[in-house]
Amino acid sequence: MNNSTALRTLLNHEVRSVLGLDESLEIQWTVPKRKDQGDLSTNIAMIEAKKRGTIPRDLASSIIESIDWGKLNVERAEVAGPGFVNIWIAPSYYHTIVDQILSEKGNYGQGEAVPDQKILVEFVSANPTGPLNVVSARAAAIGDSIVRILRKAGFEAVSEFYVNDAGRQVRRLGESVLARAKGEEVPEDGYHGEDVVSLAENLFPSGLNGSELAEVVGEQAAHLNVAHQKKVLDEYGVSFDRWFHESELHRDDTPKHTLEQLSAVGAVYEKDGATWFKGTEYGDVEDRVIITQEGRPTYLLPDIAYHLSKAERGATTAIDLLGPDHHDYVGRMHAALNALGKENFLEVIIVQQVHLLEGGEKVKMSKRAGKLVTLEELVEEVGKDVARYFFLQRRTSSHLDFDLDLAKEESERNPVFYVQYAHTRICGILRKEDCPDPYSADLSTLIELEEIELIKHLEQFAETIQRAAEAREPQRLASYLHDLATIFHKFYSAHRVIGVDAGLSAARAALSEASRIVLAEGLNLLGVSAPEKM
RNA sequence: GCCCCCGUAGCUCAGUAGGAUAGAGCAACGGAUUCCUAAUCCGUAGGUCGCGCGUUCGAAUCGCGCCGGGGGUACCA
């Protein structure tokens, strides 16, 4: 248990005994926005007063009068506003936070292991028919960061990329490649990108012999595409625990078993020569075809099979990050899982669109014409750190304007550098010859406003991780780190670490080192580097 | 038509387990560096949190109804 949690446990114990509450009732302690509202505040008196029909401020007063605050490290407690209980905590408590960070280092903020659960996060899962686009880039940054944050929060989490290597699009890819190899027009419903030209060149360096089959060529091309996607993602700092191929399902006839399971619960019927899933009985807006008139399964059936396989492989929760063009998919997959008794198994996060801006104008992209900005190009243009940070600053569900000009600018205008610079700055201090050893400092001299403010923010790290993990929202961590950088920069401007009294100097070096540890770990959770020099 | 997302400062957006006087970056203006990297800091200015009603001691946050913008609505994946 960390010191922050320990303090709250003690506070809660006292408050519960005063109010006669049992242990199951949550008591909220929040850090007020304003300094004159104390270091921590609780609204428990307002909530309990309502239940009891008493006056909130009176109840708050009785809480304050009944607790021996001194033994809790609380210097002052008062009633405020409509009935808040605000408390001021002694600096000595904050010093223990710095101690804790220095002893735990990168492990600081690690949540306790959550038992009996495993979260499988599936993201990107782009078709093997071409390069990764900017929405995939966004999904990759977010998905990878969610996995890292979940693990930090104590959850067991694994990442997975689903490769649709068995659908008709692979054949279409093969046809497109063959057309390019022959120097013919690519079919209307084929793939028109430049990448298909190089696929043709790679697969047929000395031309065609006329016996090539579109299916086979498609498989070969898809294989090359997947290998390339993997390489690009790797350079982007995103690796998957597993690349799950749709063909694996077909090899084991899994979709057939899934159909039998659906039949067994009475969720399918025949109509117009096709087999339908009764989505409407399980929450979807319409029924869906799962076997076509030609007897071919639609994508839905293997997808259901794939989601069942996630559960069979031990996942207790599946999180899917889907692109904006797939959101009508959500209802049918939930319905299918409901039908099979897997309610609440799947969580879907829609990764919204990305608009690239250059010179204030939207960069025109067209999939049909093969004019796409790829993940690879984006990383070449702006670098991995900038790309990932830009994606992680914003809510996943918001449309994102990605300002390429700002992203390319290596200046103070670029927010990524602001956070990285705080880390670099600390490294600069700690690297100095006359910098004292941060690990043997007496911290009791840390009493300045900017010092305590900094520690208070460091204290919030674990809670930020928990919230970001539970909400699946990495942007909360990005915001936190930006604030931490600001607070550190303020501390730096107000006080000197080196060149003051030796004891104080060591204490400030310790505080700087603690800040560095949290910045480095936080950036790591975003997949952004924490440079020692810039 | 139906479904999903968004609407907060001039621009891009945070803020959503309901909390007290709504924040940041950029853009504008004015300051700070004999000293640990000024990729920084301080200050000024900038708001009917799309609109209305409701729930609540308390709403940017929850509910309902509108308005505006974007996306999706295949026996493709």
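All values derive from a computational prediction rather than experimental measurement.
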Would you list the protein and nucleotides 7-11 of chain B atom pairs, both N or O, that sit under 3.5 Å from each other?
none

### Query
What's the CD-C1' distance between A/Q393 and B/C26, to the nearest Å?
11 Å

### Task
Please check the phosphate of B/C57 (OP1 and OP2 only) for any side-chain N or O of A/R57 closer than 4.0 Å.
no

### Query
A/L481 CG to B/G15 C1': how many Å, rounded?
16 Å

### Query
Between A/H489 and A/R425, do the side chains contain an N or O donor and an N or O acceptor separated by less than 3.5 Å?
yes

### Task
Round to a whole Å and report the spacing from CG of A/L321 to P of B/C5.
15 Å

### Message
What I want to check is whether an N or O donor and acceptor connect the side chain of A/N86 with the base of B/A20 at under 3.5 Å.
### Response
yes

### Protein-nucleotide distance (A/F391, atom CZ; B/U12, atom C1'), rounded to Å
15 Å

### Task
Indicate yes or no: does A/E459 engage A/K456 in a salt bridge with an N to O separation below 4.0 Å.
no

### Summary
All heavy atoms of A/A166 vs all of A/H250, minimum pair found to be CB-CD2, 3.5 Å

### Query
According to the Watson-Crick and G-U wobble definition with distances under 3.5 Å, which dot-bracket string, read 5' to 3', encodes RNA chain B, using [ ] for crossing pairs and | for pairs with another strand?
(((((((..((((.....[...)))).(((((.......))))).....(((((..]....))))))))))))....

### Message
Measure CE/A/M46 against C1'/B/G18 and give the value in whole Å, please.
### Response
10 Å

### Query
For the rings on A/F488 and A/H423, is their centre-to-centre separation under 6.0 Å?
no

### Query
For A/N43, which contact category applies under a 4.0 Å heavy-atom criterion: base, sugar-phosphate, or nothing?
base

### Query
If we require ring centres under 5.5 Å and near-parallel planes under 30°, does A/F84 stack on B/A20?
yes

### Query
With a 4.0 Å cut-off on heavy atoms, is A/S41 in touch with a base, just the backbone sugar-phosphate, or nothing at all?
base

Are there any protein N/O atoms within less than 3.5 Å of an N/O atom in nucleotides 71-73 of chain B, and if so, which ones and at what distance?
unit_1: B/G71; atom_1: N2; unit_2: A/H327; atom_2: NE2; d: 2.3
unit_1: B/G72; atom_1: O2'; unit_2: A/D328; atom_2: OD1; d: 3.4

### Task
Output the single nucleotide from B/G25, B/C75, B/A39 whose closest atom is nearest the side chain of A/Q293.
B/C75

### Nucleotide of B/C5, B/G25, B/A20 approaching A/S397 most closely (side-chain heavy atoms)
B/C5

### Side-chain H-bond candidate by donor/acceptor type, A/D385 with A/Q420, under 3.5 Å
yes

### Query
For the rings on A/Y418 and A/Y421, is their centre-to-centre separation under 6.0 Å?
no

### Query
Between the side chains of A/D303 and A/Y329, is a donor N or O closer than 3.5 angstrom to an acceptor N or O?
yes

### Query
Phosphate oxygens OP1/OP2 of B/U40: is one of them under 4.0 Å from a side-chain N or O of A/K490?
no

### Query
So does A/E453 pair up with A/K490, basic N to acidic O under 4.0 Å?
no

### Query
Can you tell me how far C1' of B/C5 sits from NE2 of A/H355, to the nearest Å?
12 Å

### Query
What string of B, S and - do you get for nucleotides 29-38 of chain B, 5' to 3', when a contact is any protein heavy atom under 4.0 Å?
------BBBS

#### Entry: Rounded distance (Å) that lies between atom P of B/U12 and atom CG of A/L356
15 Å

### Message
Please identify which of these residues, A/D320, A/V330, A/L321, meets the side-chain contact (heavy atoms from CB on, under 4.5 Å) condition with A/I350.
### Response
A/V330

### Proximal nucleotide (of B/A20, B/A77, B/C75) relative to the A/Y299 side chain
B/A77

#### Entry: Presence of salt bridge, A/E470 and A/R476, under 4.0 angstrom
no

### Task
Could you tell me the separation between the CD atom of A/E175 and the P atom of B/C76, rounded to a whole number of Å?
15 Å

### Query
Which nucleotide in the set B/U40, B/C76, B/A14 lies at the smallest distance from any side-chain heavy atom of A/R394?
B/A14

#### Entry: Nearest listed nucleotide, side chain of A/H489, among B/G19, B/C41, B/A24
B/C41

### Message
Let's see if you can work this out: which of B/G25, B/A14, B/C75 has an atom nearest to the side-chain heavy atoms of A/A274?
### Response
B/C75

### Query
Among residues 503-513 of chain A, which contact RNA chain B at a heavy-atom distance under 4.0 Å?
none

### Task
Just compare B/A77, B/C42, B/G15 and give me whichever is closest to any side-chain atom of A/E246.
B/A77

## Note on the structure
Minimal heavy-atom distance between A/A485 and A/V419, with the atoms involved, is CB-CA, 3.9 Å

### Message
Quick check: on RNA chain B, is the nucleotide nearest A/L300 upstream (toward 5') of the one nearest A/I47, or the reverse? Name the residue that is more 5'.
### Response
A/I47

### Message
What contact category does A/A80 fall into here, base, sugar-phosphate, or nothing, at under 4.0 angstrom with non-hydrogen atoms?
### Response
base

### Task
Would you classify A/D272 as touching base, sugar-phosphate or nothing, given that sugar-phosphate means primed atoms plus P, OP1 and OP2, and contacts are heavy atoms under 4.0 Å?
base

### Task
Of all the heavy-atom pairs spanning A/Q37 and A/P32, show the shortest one and how long it is.
O-CG, 3.2 Å

### Message
Students often get this wrong, so: under 4.0 angstrom with heavy atoms, is A/E470 touching a base, only sugar-phosphate, or nothing?
### Response
nothing

Enumerate all atom pairs, one protein N or O and one N or O from nucleotides 54-56 of chain B, separated by less than 3.5 Å.
none

